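Here's the structure, in structure tokens; my notes come after.
Numbers here are sequence positions counted from 1. The basis for the numbers below is simple: all heavy atoms, side chains too, and nothing from hydrogens, waters or symmetry mates. This structure is a prediction, so every number in the text was calculated from the model and none was measured.
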Amino acid sequence: MGNFGELLLWFFWIFVFVAYLMVIFSIIGDLFRDHELNGWWKAVWILFLIFVPFLTALVYLIARGSGMQKRSIAQAQELRAAQDAYIRQAAAAGGGASAADDIAKAKSLLDSGAITQAEFDALKAKALAA
């Protein structure tokens, strides 16, 4: 029983450490994403993250958490808009691939296990209909 308990405790501490690292990297990413914050303040936040990490992370999440969420949403929207623009541009420029190319790509996805047989059939029907 002792070994199992030690194993569970070990997994718990690994989970806590990984969660802590995710929070730290999220904070650092948010610091560099924030264009309104002065470079010196960014350096101060990072220094505090290095020397007093738990307290600094807690203070940062309380003080700047809502702004962190807004910046994250704004970045996701910008990435989505850029992706949509790229897809529209590629579709307009290339005119689309032939049905045989689309079916071949779908077949390779099916063979790799990325899609199911039903998804392959739907892609095949869509390619043949176009």
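The 12-atom threshold is exceeded at CD of Q117, counting heavy atoms of other residues, nucleotides or ligands nearer than 6.0 Å.
Here E78 pairs with nothing under the side-chain hydrogen bond (donor to acceptor under 3.5 Å, both in side chains) rule; sequence neighbours left out. Legend: residues meeting side chain to side chain contact (heavy atoms under 4.5 Å, CB included) with D111, ordered by chain and number and at least two apart, are K107. Every residue was checked against the side-chain hydrogen bond (donor to acceptor under 3.5 Å, both in side chains) condition with Q69, not counting sequence neighbours, and none meets it. Take K70 and apply the side-chain hydrogen bond (donor to acceptor under 3.5 Å, both in side chains) test, not counting sequence neighbours, and it matches no residue. Judged as a side chain to side chain contact (heavy atoms under 4.5 Å, CB included), and not counting sequence neighbours, the contacts of Q83 are R80, I87. I115 pairs by the side chain to side chain contact (heavy atoms under 4.5 Å, CB included) definition with L109, L110, E119, F120, L123, not counting sequence neighbours. Here D34 pairs with R64 under the side-chain hydrogen bond (donor to acceptor under 3.5 Å, both in side chains) rule; sequence neighbours left out.
The stretch residues 11-40 participates, sequence neighbours left out, in these ring pair (Phe, Tyr, Trp, His ring centres under 6.0 Å) pairs: Y20-F54. Evaluation of the side-chain hydrogen bond (donor to acceptor under 3.5 Å, both in side chains) test over residues 48-58, restricted to residues two or more places apart or in two chains, returns none. Pairs passing the salt bridge (charged side-chain N to carboxylate O under 4.0 Å, His left out) check and including a residue from residues 23-33, sequence neighbours excluded, read D30-R33, D30-R71.
If you take CG on D84 and CG on L79, they are separated by 11.0 Å, rounding to the nearest 0.5 Å.
Using a 4.5 Å heavy-atom threshold, the side chains of K42 and N38 count as separate. A heavy-atom distance below 4.5 Å is found between the side chains of L31 and Y60.
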N/O donor-acceptor pairs under 3.5 Å from side chains in residues 45-53, not counting sequence neighbours:
none

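Cluster annotation: I14 is not connected to L8 through the hydrophobic network of ILVMFWY side chains, with a link wherever side-chain heavy atoms come within less than 4.5 Å. In the hydrophobic clustering of this structure, M22 does not group with I24; members are Ile, Leu, Val, Met, Phe, Trp, Tyr whose side-chain heavy atoms approach within less than 4.5 Å, directly or through other members. The cluster map of Ile, Leu, Val, Met, Phe, Trp and Tyr, joined by side-chain heavy atoms under 4.5 Å apart, puts I27 and L21 in the same cluster.
Across all their heavy atoms, A127 and I103 have their closest contact at CB-CG1, 4.0 Å.
Hydrophobic side-chain contacts under 4.5 Å tie I62 into a cluster, directly or through other members, with L58.
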